> 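Mind having a look at this structure? Questions to follow.
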2 protein chains.
Amino acid sequence: MLETAVISIDHSSGVPLYRQIVDQVLLAVSTGRLKPGSRLQTVRQLAIDAQINPNTVSRAYRELDIRGFVRTRRGTGTFIVGDKGVARDEARHREAVEQFCNQVLADAGRLGLSLSELVASLQDRLTERR
Amino acid sequence: MLETAVISIDHSSGVPLYRQIVDQVLLAVSTGRLKPGSRLQTVRQLAIDAQINPNTVSRAYRELDIRGFVRTRRGTGTFIVGDKGVARDEARHREAVEQFCNQVLADAGRLGLSLSELVASLQDRLTERR
DNA sequence: TGGATTGTACTATTCATATAGTACATTAGC
DNA sequence: GCTAATGTACTATATGAATAGTACAATCCA
């Protein structure tokens, strides 16, 4: 039971749930947060945690399996595959940052927060950190 | 024809198209990129540019109209509304920014994205503007 | 006045997504 | 072998989103 809760679902983002799962696992792999052999949450557990249907989780895991990033075994669980995990993929990582920022901006826009004040606030935290 | 193409659609993001439009307009308003009186692209033009259906654009504009951010007039176009900027509570606003940033940092952390690269990416967008 | 432009309404259709519910298959471990 | 846990298959259903197509309404402008 070493699996960490890497996956969190945003029900209001508009992004398909199964896709949020896939994306987050891929990202976690590319950042090294999930290493080969790491065990994902069980289908049922993630379904409970994220308050979604087990079928939806299963679908996401199956897609990851097909794409070769995880290996799934009935009765056992779903695990990150050994050497598919290629050392941190820089391109993918940059893409992830881009997408994440896009989402942040969209959310901010909805809340009426401006880009400049976000940057300012985040920057403060950068300098604060020692 | 002074409207600038503020809106770009990502067909592969999973985010509903009409929602991308709404979000981007809100963001552009909050950053001052779109000012009161600015004219949005026409329904048909944006539909062509973004390669989507005019109905989808219309739906987005209608939502923005209902929420009071734009004013739409047949035969004329769709324009950013004057003072939706409501005199705002600065303290409350700063608090909102703080909370939002906390959430962003939590999400980023879970995904394995560092604060510094986020700030860098967001900063790029600040200077990109024109 | 008349035509061009703009946004809207409406119906129908297609597709993806998510869900519920049930049953089953595989594996681990006692 | 038995049981619990795991993932899977299947059917059915509901909903949202996007599209196509057509017609219409309001406005502007020459």
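Here is how names work: the chains are called A, B, and so on, in the same order as the sequence lines, proteins then strands, and each is numbered from 1. Because the structure is predicted, anything quoted here is derived from the model rather than measured.
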> Is there a side-chain polar atom (N or O) of Tyr18(B) under 4.0 Å from OP1 or OP2 of dA18(D)?
no
> What are the two closest heavy atoms between Ala96(A) and Leu27(A), and how far apart are they?
CB-CD1, 3.2 Å
> Please list residues of residues 53-63 of chain A whose heavy atoms come under 4.0 Å from any atom in DNA chain C, ordered by number; otherwise none.
Asn53(A), Asn55(A), Thr56(A), Arg59(A)
> Which of the following nucleotides, dA9(D), dG7(C), dA18(C), is nearest to the side chain of Arg74(A)?
dA9(D)
> Just by distance, with hydrogens left out, do Glu117(A) and His93(B) show a side-chain donor and acceptor under 3.5 Å apart?
yes
> Nearest whole angstrom, please: distance from the C1' of dG7(C) to the CD1 of Ile21(B).
14 Å
> I need the CD-P distance between Gln51(A) and dA18(C), as an integer number of Å.
15 Å
> Taking only N and O in the side chain of Arg73(A), is any of them less than 4.0 Å away from OP1 or OP2 of dA28(C)?
yes
> On the nucleotide dA26(D), are OP1 or OP2 found under 4.0 Å from the side-chain N or O atoms that Thr76(B) carries?
no
> Heavy-atom count around Arg71(A) CZ within 6.0 Å, excluding the residue itself: above 12?
no
> Taking the side chain from Ser121(B) and the backbone from Leu118(B), do they hold a donor-acceptor pair closer than 3.5 Å?
no
> Just compare dT19(D), dT8(C), dA25(C) and give me whichever is closest to any side-chain atom of Arg44(B).
dT8(C)
> From CZ of Arg19(A) over to P of dA17(D), roughly how many Å is that when rounded to an integer?
16 Å
